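Report on one structure; see the data block that follows.
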Protein chains: 2
Amino acid sequence: MPTTPKASAALARQAWGRMFDYLMRTAPERSRALGRRGLTPNDARGLASLDRDRGRTMRSLAGEWECDASNATWIVDRLERFGFAERRTIASDRRVKLVVLTVKGERVRAELLDEFHTPPPGLLRLSPRDLAALARALEKLGGV
Amino acid sequence: MPTTPKASAALARQAWGRMFDYLMRTAPERSRALGRRGLTPNDARGLASLDRDRGRTMRSLAGEWECDASNATWIVDRLERFGFAERRTIASDRRVKLVVLTVKGERVRAELLDEFHTPPPGLLRLSPRDLAALARALEKLGGV
DNA sequence: TATTGTTATACTCTATAACTATA
DNA sequence: TATAGTTATAGAGTATAACAATA
C-alpha cells in the first residue's frame, strides 16, 4: 500500500473522529443504563477503578480521578453505602485505607461492563468481513 | 468468508468492547480539554446540540438532553452567560424561544470538536493498512 | 514536621413544583 | 384549559480549607 506519514495521519483522524462520534451518539443509552440502577457516571468510574483483591488507597484513587481527596472520600462513602466497596486498614501504616470491592460491588461492576460492551444494533449490520477488520485493527491498539 | 450470525455477533461485541474501552481510556484527556476552557461536559453537550442557523426550542433541547425543562433553562443560561448562545423569539408563537449559537459559540464548538477528533498518539502506530480498514468500516457505520 | 484521610463549609448542578405569559 | 418557558426551592455533587491521627 503506497502511503505517506501525512496520509496516515489523515486516516487516523478520520477513523478516530468516526469512532468518537459513534461513541457519543450511543452515550444516552449508557446514561439510561446507569439511571435504571440509580447510579451516576461517578459511581461507574468508581466501580471501574476497584477490584476485589488489589486495595487502592484513597490518595491513589483521588489521583486517578483527578479530584480532591475529600471528593474521593465522598465517592467511596457512596459506594460503601450501596454495599459495593469497603475500606480496610493495614497494620504497617494505620493512616492508610485500602478500598476494595465487595462481592456485590464486583457483580454490579461486571453487569455494567457487560451492558456497556454490548454492541449497538447498527454495528451488527456491518459485514462479517468489516467486523473482523474492525476487531483486528482495534486489537492491535490494545495497550496504546 | 465463512461465517454464522453467532460468529458475527461475537465479532461485533469484540470490536465494540475494544472501541468502548479505548474511548474510556482517553476520557481524562477530554476532561482536561474542557477544564482548560473552564467548561463542563454539560456545556460541551450544549454546544454540540446547537448551531448558528437552526434554532432549537427549549423543550426540544430538554428532550434531547433527557432532563427537566428547568434544567435546560439553566444550561442555556450558562451558555448565554459565556456568550456562546442566544435566545430568539418568533412572531408566530410568542411563548417559544429558539436557541442558536453565537459566532463565539460556534468557534468554541469547532475548536472542541477539532480537539476531540485529534487521534490519540497510539492510533498513529497502527499500519496504514489497518488505519484504512478501520476508517472504511467505521464509515459504513455512518448513520446507524 | 510531613502525610493520610475526614469533616466543615460553600458553591455548582439538577430536579420538582409553583408561577407567568401566551395560545 | 393547555403549553412554553422561567423562577423558587431543595437536594445532590464537588471543591477549598481546616482538622485529627499517624508517621
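The chains referred to below are lettered A, B, ... by the order of the sequence lines, with proteins before strands, and numbering in each begins at 1. Just so it is clear, the structure is predicted and the values come from calculations on it, not from any experiment.
Atom-to-atom, CD of E66(B) to P of dC13(C) comes out at 20 Å; the value is rounded to the nearest Å. A straight line from CH2 of W65(B) to C1' of dC13(C) spans 14 Å, rounded to a whole angstrom. Remark: C1' of dA12(D) and CG of N71(B) are 12 Å apart, rounded to the nearest angstrom. If you take CZ of R78(A) and P of dA12(D), they are 9 Å apart, rounded to a whole angstrom. When the C1' atom of dG5(C) is taken as reference, atom CG of L61(A) falls 12 Å away, rounded to whole Å. Here dT20(C) presents its C1' atom at 11 Å from NZ of K97(B), a figure rounded to the nearest Å. If you take CG of D43(B) and C1' of dT12(C), they are 12 Å apart, rounded to a whole angstrom. What separates CG of D68(B) from P of dA15(C) is a distance of 7 Å, to the nearest Å.
For dT4(C), the base has no donor-acceptor partner in the side chain of R59(A) [N/O atoms by modelled type, under 3.5 angstrom]. Residue-to-nucleotide contacts include no donor-acceptor pair under 3.5 Å from the side chain of S70(A) to the base of dT14(D). Applying the 3.5 Å distance criterion, the base of dT7(D) shares no donor-acceptor pair with the side chain of T73(B).
Sequence order on DNA chain D of the closest nucleotides to A69(A) and T57(B) puts T57(B) first from the 5' end. The residue among T40(A) and D93(A) whose nearest nucleotide of DNA chain D lies closer to the 5′ end is T40(A).
Between dA4(D) and R94(B), no contact under 4.0 Å exists linking OP1 or OP2 to a side-chain N or O. N42(B) has a side-chain polar atom (N or O) that falls below the 4.0 Å cut-off from OP1 or OP2 of dT14(C). OP1 or OP2 of dT6(C) has at least one side-chain nitrogen or oxygen of R87(A) nearer than 4.0 Å. In terms of phosphate contacts, R95(A) brings no side-chain nitrogen or oxygen within less than 4.0 Å of OP1 or OP2 of dA2(C).
Aromatic ring centroids of Y22(B) and W16(A) lie under 6.0 Å apart.
Side-chain atoms of T89(B) and R94(B) include no donor-acceptor pair closer than 3.5 Å.
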(request) Check the pair S49(A) / W65(A) against side chain to side chain donor-acceptor pair (under 3.5 Å), numbers first and verdict last. (result) CA-CA 9 Å; S49(A) 300; W65(A) 299 335; 2.9 Å; yes

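In R25(A), the CZ atom is crowded: over 12 heavy atoms of neighbouring residues, nucleotides or ligands sit closer than 6.0 Å.
Using a 4.0 Å cut-off between charged nitrogen and carboxylate oxygen, E86(A) and K104(A) do not count as a salt-bridge pair.
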